[in-house]
Amino acid sequence: MSDDLAWMAEDHWRTVRRFSYAEIPEDQREEFFADLGRRAELQIEALTLTMAGPDTEGEDPEQRRRRYAQARLDARQQVLGEMILVDEDDRHFQQPGWWRRLK
């Protein structure tokens, strides 16, 4: 699963976060995105357990399975938004000092 997240992150950064992507040395990109994918997967797993909460009395196996499946979907969506599918770093869009002096 972390390979999918690594691929998704690299594809997103290459197309949407072009400036940040360009800052990663080419020979380090594979490891950078593999590590990001691993960390995101660990975060999804931890968040899934938190979001699912404790088992409830009287809950049947199908209800438990659905609760965990929904928690995983919610956790994945949150982690994708926080770690993988992020916007470009704002510092790349700050105006240079000479531009501010002209105003």
Taking side-chain contact (heavy atoms from CB on, under 4.5 Å) as the definition, give me every residue that meets it alongside Asp60, ordered by chain and number, with sequence neighbours left out. Glu62, Gln63
Ala40: partners by side-chain contact (heavy atoms from CB on, under 4.5 Å), with sequence neighbours left out: Leu5, Val79, Met83, Ile84
Got a sec, which hydrophobics cluster with Leu73, joining ILVMFWY side chains under 4.5 Å apart, including via others? none
Atom CZ of Arg18 with >12 non-hydrogen neighbours under 6.0 angstrom: no
Would Gln78 and Asp74 count as having a side-chain donor-acceptor pair, cut-off 3.5 Å? no
Taking the basic N atoms (NZ, or NE/NH1/NH2) and the acidic carboxylate oxygens, is any pair closer than 4.0 Å for Arg17 and Glu23? no
Sequence-distant partners of Glu26, salt bridge (Lys or Arg N to Asp or Glu O under 4.0 Å), two or more places apart: none
Donor-acceptor pairs under 3.5 angstrom involving side-chain atoms of residues 48-58: please list them, not counting sequence neighbours.
{"from": "Thr48", "atom 1": "OG1", "to": "Ile44", "atom 2": "O", "distance (Å)": "2.7"}
{"from": "Thr50", "atom 1": "OG1", "to": "Ala46", "atom 2": "O", "distance (Å)": "3.2"}
{"from": "Asp55", "atom 1": "OD1", "to": "Arg64", "atom 2": "NE", "distance (Å)": "3.1"}
{"from": "Asp55", "atom 1": "OD1", "to": "Arg67", "atom 2": "NH2", "distance (Å)": "2.7"}
{"from": "Asp55", "atom 1": "OD2", "to": "Arg64", "atom 2": "NE", "distance (Å)": "3.1"}

Residues in side chain to side chain donor-acceptor pair (under 3.5 Å) contact with Gln77, at least two apart in sequence or another chain: none
What residues, two or more places apart in sequence or in another chain, satisfy ring-ring contact (aromatic ring centres under 6.0 Å, His included) together with Phe32? Trp13
Heavy atoms of Leu80 and Met8 approach each other most closely as CD2-SD, 3.6 Å
Can you tell me how far NE2 of His12 sits from OH of Tyr21, rounded to the nearest 0.5 angstrom? 13.0 Å
Set of salt bridge (Lys or Arg N to Asp or Glu O under 4.0 Å) partners for Arg14, sequence neighbours left out: Glu10, Asp11
Sequence neighbours excluded, which residues qualify as side chain to side chain donor-acceptor pair (under 3.5 Å) partners of Arg39? Asp35
Run the salt bridge (Lys or Arg N to Asp or Glu O under 4.0 Å) test against Glu30 and tell me which residues pass, sequence neighbours left out. none
Linking Ile, Leu, Val, Met, Phe, Trp and Tyr by side-chain heavy atoms under 4.5 Å, what else ends up with Leu42? none
Spacing of Arg76 atom CZ and Glu41 atom CD [to the nearest 0.5 Å]: 7.5 Å
Sorted by chain and number, sequence neighbours left out, salt bridge (Lys or Arg N to Asp or Glu O under 4.0 Å) with Glu45 holds for Arg72
